[in-house]
J.: 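Below is a structure I'd like to ask you about.
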Protein chains: 2
Amino acid sequence: MAASASSARSAAAAAASASASASERAYAEIRGLILAGDASPGTPLREEALADIVGVSRTPVREALRRLEAEHYASRTPGGRLVVANWDNDDVAEIFALRAMLEGHAAARAARRMTPGQLAELKFCNAAIEAAVAQPQPDIARFLAENRRFHDLILSASGSARLATMLAGLVEQAIVRRTATRYDQADLVRSAHEHGQLIQAFAAHDEDWARAVMTAHIRRALHAFQDASRSK
Amino acid sequence: MAASASSARSAAAAAASASASASERAYAEIRGLILAGDASPGTPLREEALADIVGVSRTPVREALRRLEAEHYASRTPGGRLVVANWDNDDVAEIFALRAMLEGHAAARAARRMTPGQLAELKFCNAAIEAAVAQPQPDIARFLAENRRFHDLILSASGSARLATMLAGLVEQAIVRRTATRYDQADLVRSAHEHGQLIQAFAAHDEDWARAVMTAHIRRALHAFQDASRSK
DNA sequence: GAAGACGCTAATGTATACAAAAATGCGCAC
DNA sequence: GTGCGCATTTTTGTATACATTAGCGTCTTC
């Protein structure tokens, strides 16, 4: 698990370092440090130290930190210093509750606007997910990547930039925590099945159906996560 | 209307300039320019020009602009330049829909956690609102200020920093647009009455009731706004 | 020995100077 | 006369130097 987290981090950093802007790289790399657990909750995020790590000046690091602060990856001490944020169980539950509402809303909007092309993409994407989880040894990395893509496709089909930015932070945060827990294959298969239901709802352009399936999908994920945390 | 908007702007700017940080002042002032309509949609937001206006250097202006961009007050051209964002009718409807969901959720959480002290504050606040709207010539500025405070109290009673930051942008945006329209006294009275219902729901610690009243409150506001826009 | 104040240190906030990229306008060729 | 391409100019992105403020340890005094 430590290995998968750290490889995920270096992969993200490598992808970002390929000719992206300095602030973008700083953002990706610092977030990676937090998500991989290299910087545990409460750790101070000092601008100069981070600038050295990323290899840029303080200016882009500052921009990255402001963004991370807005997305609740970092929080401020009374004196105005930034530290890695600490999410407790209530926070996780809140994140999932907000995701359920907002992604449910996104699904409803998407159902209204879904084009045949977008629907085909979703089907293709979910086929990949099913392939990844059907094996006795599920391909977790593949599942995470394609699952992310599936939800992003719906988000983009919903056609609301506001929703997209609001959800961006929430999805990341929740996925991270999940990455840290062990997956139960049955959960993965169930997830793919729910995606299938979503596709049906989209095909029928049925807003309420889509919203309900998405809400259920995410609330089930919450409980799967909580069960995994408890038994860990 | 133009007068009220511009006085609101200068008041905000003055409040901010009183010993606040440069980035904070820049944020408040630039947002003021956008909200007052001094910078109409599509107007380029050039860093150096804004730095001159605010009287600080480009660095804090940049931070302010990133924040405004994250809150959808500004959007980027393909080339990466910032311009004042243009909200169409769909955007406004989307903002209200998101507000209805998120503030409904906040109200439900608040109902669960409401303390007697917080409840008393809400009652006091709504009394001020009722006083402001009871007169033949309602005190609009007072209403807006107290109404804002009422909703902020609920938000803080909900105890979720995530909700608070998510809603901050949405509330501002919607209020601005409303400021631009003429208020119908009947709407204001209705609004105060709905606040009374909310207080009852909070007193009973009834989550579902609170959520329903809040959702209805905001959706009515949407339609009041749309009617006002049409007949304007 | 404990408590408070003072001064030092380290971190953030701000300004400016420099580099890179993008828009625009001009000129040239077709 | 129009369209394309290059050069100029404007604007944003990044680095660094400076100012300010919060933290923190020590020293003094009661």
Side-chain angles (χ1 to χ4, degrees), chain A residues 13 15-34 38-86, chain B residues 13 15-34 38-86:
Chain A
S17 69
S19 84
S21 76
S23 7
E24 205 61 34
R25 270 183 298 153
Y27 172 78
E29 190 141 353
I30 297 167
R31 194 184 59 174
L33 289 173
I34 297 173
D38 294 355
S40 51
T43 306
L45 293 164
R46 288 178 301 106
E47 297 175 357
E48 202 162 345
L50 292 169
D52 286 348
I53 292 172
V54 181
V56 298
S57 83
R58 269 182 57 211
T59 311
V61 167
R62 277 179 72 80
E63 280 192 7
L65 288 176
R66 300 317 252 260
R67 223 174 122 187
L68 291 165
E69 186 190 356
E71 290 167 359
H72 297 277
Y73 287 105
S75 57
R76 267 178 200 280
T77 64
R81 267 123 158 116
L82 282 175
V83 296
V84 176
N86 184 26
Chain B
S17 70
S19 84
S21 75
S23 7
E24 208 61 34
R25 272 184 297 152
Y27 172 78
E29 190 140 353
I30 297 168
R31 195 185 58 174
L33 289 173
I34 296 173
D38 294 354
S40 50
T43 307
L45 293 164
R46 288 178 302 106
E47 295 175 0
E48 202 162 346
L50 292 169
D52 287 347
I53 292 172
V54 181
V56 297
S57 81
R58 270 181 57 209
T59 310
V61 168
R62 276 178 72 80
E63 280 193 5
L65 288 175
R66 299 318 248 263
R67 223 174 123 189
L68 291 164
E69 185 191 356
E71 290 166 358
H72 297 278
Y73 287 104
S75 56
R76 267 178 201 281
T77 64
R81 265 118 159 120
L82 282 175
V83 297
V84 176
N86 183 26

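In what follows, chains carry the letters A, B, and so on, assigned in the order in which the sequence lines appear, proteins first and then strands, with residues in each chain numbered from 1.
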J.: Of the nucleotides dG13(C), dA15(D), dT14(C), which one has an atom closest to the side chain of Glu47(A)?
T.: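 Shortest atom-to-atom distance from the side chain points to dG13(C).
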J.: Under 4.0 angstrom, heavy atoms only, what part of the nucleic acid is Leu45(A) near: base, sugar-phosphate, or nothing?
T.: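 Since only primed, P, OP1 and OP2 atoms lie under 4.0 Å of Leu45(A), the category is sugar-phosphate.
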J.: Rounded off to whole Å, could you give me the CZ-to-P distance for the Arg46(B) and dA23(C) pair?
T.: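 Between P of dA23(C) and CZ of Arg46(B): 14 Å.
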J.: Among dG13(C), dT12(D), dT14(C), which is the nearest nucleotide to the side chain of Arg76(A)?
T.: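 Nucleotide nearest to Arg76(A)'s side chain: dG13(C).
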J.: Can you identify which nucleotide, out of dC18(D), dA15(D), dT16(C), has its nearest atom closest to the Arg58(A) side chain?
T.: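 Nucleotide nearest to Arg58(A)'s side chain: dC18(D).
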J.: Output yes when at least one side-chain N/O atom of Arg66(B) is less than 4.0 Å from OP1 or OP2 of dG13(D), else no.
T.: yes
J.: Roughly how many Å is it from CZ in Arg62(B) to P in dA15(C), rounded to a whole number?
T.: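 Whole-Å distance recorded here is 14 Å.
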J.: Report the distance from atom CZ of Arg67(A) to atom CD of Glu69(B), rounding to the nearest 0.5 Å.
T.: 9.0 Å
J.: Can you check the Glu63(A) CD to dT12(C) P distance for me, whole Å?
T.: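 These atoms are roughly 16 Å apart.
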J.: Hey, which of these two, Pro60(A) or Gly79(A), hits DNA chain D nearer its 5' end, going by closest nucleotide?
T.: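 It is Pro60(A) whose nearest nucleotide is closer to the 5' end.
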J.: What nucleotide, of dA15(D), dA22(C), dG23(D), holds the atom closest to the side chain of Arg81(B)?
T.: dA22(C)
J.: For Ser23(A) and dT14(D), is the shortest distance between a side-chain N/O and OP1 or OP2 below 4.0 Å?
T.: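 Yes.
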J.: Let me know the distance between CZ of Arg25(B) and P of dG13(C), rounded to the nearest Å.
T.: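 Arg25(B) atom CZ is separated from dG13(C) atom P by 14 Å.
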J.: Could you state the atom-to-atom distance from CD of Glu48(B) to C1' of dT14(D) in whole Å?
T.: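 Whole-Å distance recorded here is 16 Å.
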J.: Looking only at the side chain of Ala22(B) (C-beta and beyond, no hydrogens), which of the listed nucleotides dT14(C), dT10(D), dG13(C) gets closest?
T.: dT14(C)
J.: Rounded to the nearest 0.5 Å, what separation is found between the CZ atom of Arg58(A) and the CZ atom of Arg62(A)?
T.: 6.0 Å
J.: Can you tell me how far OG1 of Thr43(A) sits from CG of Asn86(A), rounded to the nearest 0.5 angstrom?
T.: 10.0 Å
J.: Taking all heavy atoms of Pro41(B) and all of Ala85(B), pick out the closest pair and write down the distance.
T.: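 Of all heavy-atom pairs spanning Pro41(B) and Ala85(B), the closest is CB-O, 3.7 Å.
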J.: What's the closest nucleotide to the side chain of Thr59(B) if the choices are dA15(C), dT12(C), dA22(C)?
T.: dA15(C)
J.: Rounded off to whole Å, could you give me the CD-to-C1' distance for the Glu69(A) and dG13(C) pair?
T.: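 Result: 14 Å.
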J.: From Leu65(A) CG over to Leu82(A) CG, what is the distance, rounded to the nearest 0.5 angstrom?
T.: 5.5 Å
J.: Rounding to a whole Å, what distance do you find between Leu65(A):CG and dG13(C):P?
T.: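 Interatomic distance, CG of Leu65(A) to P of dG13(C): 10 Å.
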